[in-house]
Asks: 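Have a look at this one.
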Amino acid sequence: MRLSRYLLPTLKENPVEAQIVSHRLMLRAGMIRQTAAGIYTWLPLGYRVLRKIEQIVREEQDRAGAQELLMPTLQNSDLWKESGRYDAYGPEMLRITDRHDRVLVYGPTAEEVINDIARNELKSYKETPKILYNIQWKFRDEVRPRFGVMRGREFLMKDAYSFDLTYEGAKHSYNKMFVAYLRTFARCGVRAIPMKASTGPIGGDLSHEFIVLAETGEEQVYCHKDYLAMPIPSEDVDYDSDLEPIYNQWTSLYAATEDKYDEAEAKAVGDNLLSARGIEVGQVFYYGKKYSNPMNVAVAGEDGKPVLIEGGCYGIGVSRLMGAIIEACHDDNGIIWPESVAPFKVGLVNLGTGKEVADKACDDLYAKLTKAGVEVLYDDRDERAGVKFSTMDLIGLPYQLIVGLRGLEKGVVELKNRKTGERREMSPEDAVAFLTR
RNA sequence: CGGAGUGUAGCUCAGCUUGGUAGAGCACUACGUUCGGGACGUAGGGGUCGGAGGUUCAAAUCCUCUCACUCCGACCA
């Protein structure tokens, strides 16, 4: 993509409404613009990242055996009355009246819809287990939206739902999602630590929040230092095998958010206790018959008699995750994207725009890299070097390929690593080889 | 939802106390100089001062109502 043709409205100054770093940087890097409180337009650069994250989430869900479907944003309110949540949810749920005076709700989550599908379409125990998920926009009419996409009203969420015959089956589904989450967040370039979470009045102790550690996180968290180096399950993990060992490994050590903090437990960890700030990016939850009971979600068991489904739900805040990644990956100059979610892999910086030697060298590099499938943002604008460097640092592409007249005289270009700041001079051919390897 | 603020150019803000023909910096356009870390000069374009009503000869400025947004708290993917 040529920057001269790209919609990238960067800002030099900090918009006054943005209080935390990810919000500021997303506005300054031209990724989002607010349309109403907690509601954003995703500009091209931001949307590219959102799709990258979404795709990683999708791949790991699929790998774990979950199946993607797509549920509507607007839901029938009768389903919510049936589950008993229509009144329980309160004003946080946006209710809309259509021309026939029927009340629709803009889904804050989709348990009702998916359980309606399940009870209609799942007939026999032979059709279990199932894990179904969708990645869809949700709306929660937060009293006070803030922190940009970290706490918006409209947000993109992956929500998965499992349907099993027994508790043991449900636990296995839970483990699948648990493992998939470890992989998903790691692939996004952040370390998320599962921490024990409260499950509300339904009971059970089977729920974990996945917390990304970041200096600017919203809540205080405590965990054993060993979590920082604990190995992430490989992509070869067999999701049909017993996943308890992995689950046990990742839940054996102390990890708690501020409201679950227990001084005695924390003290027992001793010098290995890590106290940090964290951001919740996902939650897994076993809820048993909470919905299958009121909504009568049952399949025929082996004896032909109906068996109520054992359920669980598993969310990832996709749009929030982007904010969390920025909170964890930035410096004073801007964002530092992990390569897996970067909007482009490399920024091609032409320091001699208008000079034939430089233009030709850049056109050549751009063509070769693009042809090799590398995503390149080519800064072909007629701007000063400082402006181009600042833009690149701000938007945080992993590599900057800097082409200047000075270097071209020696037959070299410069490759800068955004994260380390390291710059290396090399021939254009070597640069292409490096970036396409 | 309680408390506190802010709405003036695309962005950051001044002007309001004490009413009198709408400003600065950045951004944008043109030209010139500059040219490897957000340059400089000159000349421009751009605002029914959030909206409605009121007071007044005269309202960005005073009064009333209203809408939006932000911050703190409670709540939360």
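Residue numbering restarts at 1 for every chain, and letters A, B, ... go by the order of the sequence lines.
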Asks: Please check if any side-chain donor atom of Asp159(A) sits under 3.5 Å from a side-chain acceptor atom of Tyr161(A), or the reverse.
Replies: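 Side chains of Asp159(A) and Tyr161(A): pair found under 3.5 Å.
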Asks: Look through every strand shown and name the nucleotide pairing with G25(B) as Watson-Crick or G-U wobble, where both distances are under 3.5 Å.
Replies: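 Base partner found: C11(B).
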Asks: Can you check whether Lys12(A) has a side-chain N or O nearer than 4.0 Å to OP1 or OP2 of A27(B)?
Replies: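 Yes, because at least one side-chain N or O of Lys12(A) sits under 4.0 Å from OP1 or OP2 of A27(B).
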Asks: Side-chain N or O of Gln34(A) versus OP1/OP2 of U70(B): is the shortest distance under 4.0 Å?
Replies: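 Yes.
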Asks: Once side chain to side chain contact (heavy atoms under 4.5 Å, CB included) is applied, do any residues pair with Glu82(A), and if so which ones, sequence neighbours excluded?
Replies: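 Applying side chain to side chain contact (heavy atoms under 4.5 Å, CB included) to Glu82(A) gives Leu79(A), Arg119(A), Met295(A).
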Asks: From the options C13(B), G36(B), C75(B), select the nucleotide whose nearest atom is closest to the side chain of Val16(A).
Replies: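 Side chain of Val16(A) sits closest to C13(B).
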Asks: Scan residues 408-437 of chain A for pairs that pass ring pair (Phe, Tyr, Trp, His ring centres under 6.0 Å), counting only residues two or more places apart or in two chains.
Replies: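 Sorted pair list: Tyr399(A)-Phe434(A).
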Asks: Hey, are the side chains of Tyr106(A) and Arg140(A) touching, using non-hydrogen atoms and a 4.5 Å cut-off?
Replies: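 No, their side chains stay 4.5 Å or more apart.
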Asks: Please list, in numerical order, the residues of residues 148-155 of chain A that have a heavy atom closer than 4.0 Å to any atom of RNA chain B.
Replies: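 The answer is Arg151(A), Gly152(A), Phe155(A).
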Asks: Can you name the side chain to side chain donor-acceptor pair (under 3.5 Å) partners of Asn115(A), sequence neighbours left out?
Replies: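 For Asn115(A) there are no side chain to side chain donor-acceptor pair (under 3.5 Å) partners, ignoring immediate neighbours.
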Asks: Using Watson-Crick or G-U wobble geometry with both distances under 3.5 Å, which nucleotide pairs with G46(B)?
Replies: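 Partner of G46(B): none.
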Asks: So do Cys329(A) and Pro338(A) actually touch side chain to side chain, heavy atoms under 4.5 Å?
Replies: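 Side chain of Pro338(A) against side chain of Cys329(A), heavy atoms only: contact under 4.5 Å found.
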Asks: Would you say Leu348(A) and Leu369(A) make side-chain contact, with heavy atoms under 4.5 Å?
Replies: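 Sidechains of Leu369(A) and Leu348(A): no contact.
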Asks: Between protein and nucleotides 2-10 of chain B, what N or O pairs are separated by less than 3.5 Å?
Replies:
none

Asks: Residues from residues 416-431 of chain A sitting under 4.0 Å of RNA chain B, heavy atoms only?
Replies: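 Only Lys416(A), Arg423(A) qualify.
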Asks: With a 3.5 angstrom cut-off on both distances, give the Watson-Crick or G-U wobble partner of C65(B), or none if there isn't one.
Replies: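 Pairing partner, where one exists within any strand: G51(B).
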Asks: For Arg153(A), what residues pass the side chain to side chain donor-acceptor pair (under 3.5 Å) criterion, not counting sequence neighbours?
Replies: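 Result, side chain to side chain donor-acceptor pair (under 3.5 Å) vs Arg153(A): Asp141(A).
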Asks: Does any pair with a residue in residues 330-341 of chain A pass salt bridge (Lys or Arg N to Asp or Glu O under 4.0 Å), and if so which ones, sequence neighbours excluded?
Replies: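 Applying salt bridge (Lys or Arg N to Asp or Glu O under 4.0 Å) to every pair that reaches into residues 330-341 of chain A, excluding sequence neighbours, yields Asp331(A)-Arg418(A), Glu339(A)-Lys345(A).
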Asks: Return yes if a side-chain donor-acceptor contact under 3.5 Å exists between Gln400(A) and Asp393(A), otherwise no.
Replies: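 Side-chain D/A pair, Gln400(A) to Asp393(A): present.
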Asks: Kindly state which residues belonging to residues 35-45 of chain A come within less than 4.0 angstrom of RNA chain B, counting heavy atoms of the residue only, listed by number.
Replies: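 Listed by number, they are Ala36(A), Ala37(A).
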Asks: Partner of U17(B) by Watson-Crick or G-U wobble geometry, both contacts under 3.5 Å, or none?
Replies: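 Its partner is none (no Watson-Crick or G-U wobble pair with both distances under 3.5 Å).
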Asks: Is atom NZ of Lys81(A) surrounded by more than 12 heavy atoms (other residues, nucleotides or ligands) closer than 6.0 Å?
Replies: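 More than 12 within 6.0 Å, yes.
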Asks: When the C1' atoms of C71(B) and A59(B) are considered, how many whole Å apart are they?
Replies: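 30 Å, rounded to whole Å.
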Asks: May I ask you to test the Ile335(A)-Leu397(A) pair for a side-chain heavy-atom distance under 4.5 Å?
Replies: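 Counting from C-beta outward, Ile335(A) and Leu397(A) never come under 4.5 Å.
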Asks: Where along nucleotides 29-35 of chain B does protein come under 4.0 Å, by heavy atom, of base (B) or sugar-phosphate alone (S), with - for untouched nucleotides?
Replies: -----BS
Asks: Got a sec, which pairs hit side-chain hydrogen bond (donor to acceptor under 3.5 Å, both in side chains) with one end in residues 1-10 of chain A, sequence neighbours left out?
Replies: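 Residue pairs passing side-chain hydrogen bond (donor to acceptor under 3.5 Å, both in side chains), neighbours aside: Arg2(A)-Asp363(A), Arg2(A)-Asp380(A), Ser4(A)-Asp380(A).
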Asks: Listed by chain and number, what are the salt bridge (Lys or Arg N to Asp or Glu O under 4.0 Å) partners of Glu209(A), not counting sequence neighbours?
Replies: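 Glu209(A) satisfies salt bridge (Lys or Arg N to Asp or Glu O under 4.0 Å) with no other residue.
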Asks: Toward the 5' end of RNA chain B, which comes first, Thr391(A) or Met157(A), by nearest nucleotide?
Replies: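 So the residue in question is Thr391(A).
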Asks: How far does the P atom of C11(B) sit from the matching atom of U70(B), given to the nearest Å?
Replies: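 These two P atoms come out 14 Å apart once rounded.
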